[in-house]
Each structure stands twice: as C-alpha cells, then as structure tokens.
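One structure is given below, encoded as structure tokens.
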Amino acid sequence: KGPDRLQAVGVVSLQDGAGAVKELGRLRDLGVRAVMINGTTGAKRHDHPDHEVFFAEANRLKMPIAVHFSLQFPVVDQLFEHHFPNRVLAGILPIMAGLTSVLCSGLLDRYENLKFAFLEGGISWVPAHVERMDDHFENPRYGATDLISHPPSDYLKDGRIFFGCEGNESFLGRVVNDVGEDLFIFSSDYPHADRTEGTAKILRDRTDIPLSVRSKLLEQNARRFYSI
C-alpha cells in the first residue's frame, strides 16, 4: 500500500559465505535496499579472510550493509546465567566489534563502495570508542600502521559510516555535535521491544538539536545510506 515509503532490508549469515554472496544477487534483483549482518560471525570478525568474498560482492553491487548485534557473542553469551546482564553486554559488544573491524582493518580501503550502518546499539558509546581507536593508532607500540595509514576517525568523514539513534537518547544532541550530524539515522523499526513509543515525535520536537540537523537524522541521512 505504500511502496514509495516502505523499503526492505535482507538478512544473510556469513557462516555460509557462498550462500550469502548468492543471496546478495537475489536481494538486488528484488530491489532490496540493504543487507543485514551480525557484528561478528561466531568468533570471526568482519575482516576475517572467510568473509572477503561477501564484501567483494557487496562492493561490486554497491549494497549497503546494516550491522546488528547478536546475543551469541563469544564468551559473553556464556558469562552470565541470567538474560539481563547478558543482554546488556551482548546488545552492544558485537556492534563495537563490528565497527572496530571495519575501521581498523583496511576493509574500507580495499572496497571503496562499501557503506556500513551500525544499528540497535544507541549512540552514547560512539565518541568514546572512536577516540580510543584513534589513541591506539597514534601509539607506535600497537603497530596500527600495519593495517591502516590514517586514524580510524578519518573514515567517518567520507560518508560511508552511519549509526542508528533513538529519538529520546539524552546525549543525542551532544554526540551529534561532537561526532558529526551526517552520521546518524533515526531507528524507525516500529514496533520494537526496546523502543519508547512516539520517539519520532520526540526527536522532531527536541529543542536541543537544530531543525536542520533533526531533518538529517529523520530523513536525509537515511536516504544517503540506503540510496533512496
């Protein structure tokens, strides 16, 4: 009923690399706007050699990649018996691992068409984690230049990295100002267990974020990521 408003995202598992590559082609033929993967594949990071064939094909097809968390994060999924603390950590660590892999491995240098959005993790962690990566890059003891030639934060400047945000996150205005207003996308996956009802209106009516920036968060940045 609303094909101009409702768009699809496909899901693949990198545990089956050949199958994921095949599915990318099928998704493209169906007009799907992006493909979703987990932040890690078991104990394998994004830039693991087993995944190169997938990213090469996504690069060829110019298919945006949405990165989601997985509760089956190595070690963490066995660290706690109760779901509550497991969910606290496993809801963010896979996304942090995914971002670390993408920004610290040279993956974006090898595949110039890849775009990533890191979703379902909120945004308060982003400045601290990016600063930590940059700090480690500048320290020669860690050998970062074996993998990349410039600070990881430089990748945030070329329009290929995005983060999902919620409309009611208290630090949203500060983080957007510090990290960049072109990097954040409102999380529009209604309905959702983690969502506060009405967050689109909350974001639309916020007074701590300029109207032009709110427009980017609610629409323009998503259009750029999904090429809509």
Would you check, one step at a time, whether the test salt bridge (charged side-chain N to carboxylate O under 4.0 Å, His left out) holds for R26 with D29? CA-CA 5 Å; R26 191 179 77 89; D29 292 342; over 6 Å; no
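The shortest heavy-atom contact between F184 and C165 is CB-SG, 4.2 Å. Residue A144 comes nearest to H136 through the heavy atom pair CB-O, 4.5 Å, listed as atom of the first residue, atom of the second, then distance. The minimum heavy-atom distance linking V130 with S153 is given by the pair CG1-CB, 3.6 Å. Between P152 and F137, the shortest heavy-atom distance links the atoms CD-CB, 3.8 Å. Closest approach of V76 and L93 over heavy atoms only: CG2-CD1, 3.6 Å. Shown here for S215 and Q220, the closest heavy-atom pair between the two residues is OG-NE2, 2.7 Å.
Using a 4.5 Å cut-off between side-chain heavy atoms of Ile, Leu, Val, Met, Phe, Trp and Tyr, with links allowed through other members, V32 and F55 fall into the same hydrophobic cluster. Under a hydrophobic-cluster definition in which Ile, Leu, Val, Met, Phe, Trp and Tyr are linked whenever side-chain heavy atoms come within less than 4.5 Å, directly or via other members, V126 and L119 are assigned to different clusters. Hydrophobic clustering, with ILVMFWY side chains joined whenever heavy atoms are under 4.5 angstrom apart, keeps Y226 apart from F186. The cluster map of Ile, Leu, Val, Met, Phe, Trp and Tyr, joined by side-chain heavy atoms under 4.5 Å apart, puts I65 and M96 in the same cluster. Linking ILVMFWY side-chain heavy atoms closer than 4.5 Å, directly or via other members, places L217 and L211 in two distinct hydrophobic clusters.
Taking the side-chain hydrogen bond (donor to acceptor under 3.5 Å, both in side chains) definition, one finds that N86 meets it with nothing, sequence neighbours left out. For L147, there are no side-chain contact (heavy atoms from CB on, under 4.5 Å) partners, not counting sequence neighbours. For the side-chain hydrogen bond (donor to acceptor under 3.5 Å, both in side chains) test, residues two or more places apart in sequence or in another chain that qualify with D109 are Y155. Taking the ring-ring contact (aromatic ring centres under 6.0 Å, His included) definition, one finds that F225 meets it with F162, sequence neighbours left out. With sequence neighbours excluded, no residue forms a salt bridge (Lys or Arg N to Asp or Glu O under 4.0 Å) with R224. Residues passing the ring-ring contact (aromatic ring centres under 6.0 Å, His included) test with F54, sequence neighbours excluded: none. Annotation: salt bridge (Lys or Arg N to Asp or Glu O under 4.0 Å) contacts of D208 (sequence neighbours excluded): R206.
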When the side chains of residues 33-40 are checked against the rest of the protein, which donor-acceptor pairs come out under 3.5 Å, sequence neighbours left out?
unit_1	atom_1	unit_2	atom_2	d
R33	NE	Q7	OE1	3.4
R33	NH1	S227	O	3.0

Side-chain atoms of residues 168-178: list all donor-acceptor pairs with protein atoms under 3.5 Å, sequence neighbours left out, distances to 0.1 Å.
unit_1	atom_1	unit_2	atom_2	d
N168	ND2	T196	OG1	3.1
E169	OE1	I123	N	3.0
E169	OE2	E166	N	2.7

Would you be so kind as to tabulate the donor-acceptor pairs closer than 3.5 Å made by side chains of residues 9-18, with sequence neighbours excluded?
unit_1	atom_1	unit_2	atom_2	d
S13	OG	Q15	N	3.2
D16	OD1	G19	N	2.9

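Note that the CG atom of L218 and the CZ atom of R223 stand 12.0 Å from one another [nearest 0.5 Å].
Sorted by first and then second residue, the side chain to side chain donor-acceptor pair (under 3.5 Å) pairs with a member in residues 142-151 form an empty list; sequence neighbours excluded. For residues 49-67, the pairs satisfying side chain to side chain donor-acceptor pair (under 3.5 Å) are K44-D50, E52-R110, E52-Y111, E57-R60, with sequence neighbours left out.
Side-chain N or O atoms of R160 include one that pairs as donor or acceptor with a backbone N or O of E112 at under 3.5 Å. Panel note: side chain D182, backbone L156; no donor-acceptor pair is recorded below 3.5 Å.
L108 has its side chain within reach of L103: a pair of non-hydrogen atoms, C-beta onward, lies under 4.5 Å apart. Between T100 and R45 the shortest side-chain heavy-atom distance does not fall below 4.5 Å. Side chains of S187 and E120 form no contact here, defined as non-hydrogen atoms less than 4.5 Å apart. At least one side-chain heavy atom of F163 sits less than 4.5 Å from a side-chain heavy atom of L99. For the pair M63/L27, a side-chain contact is recorded, criterion being any heavy-atom separation below 4.5 Å from C-beta on.
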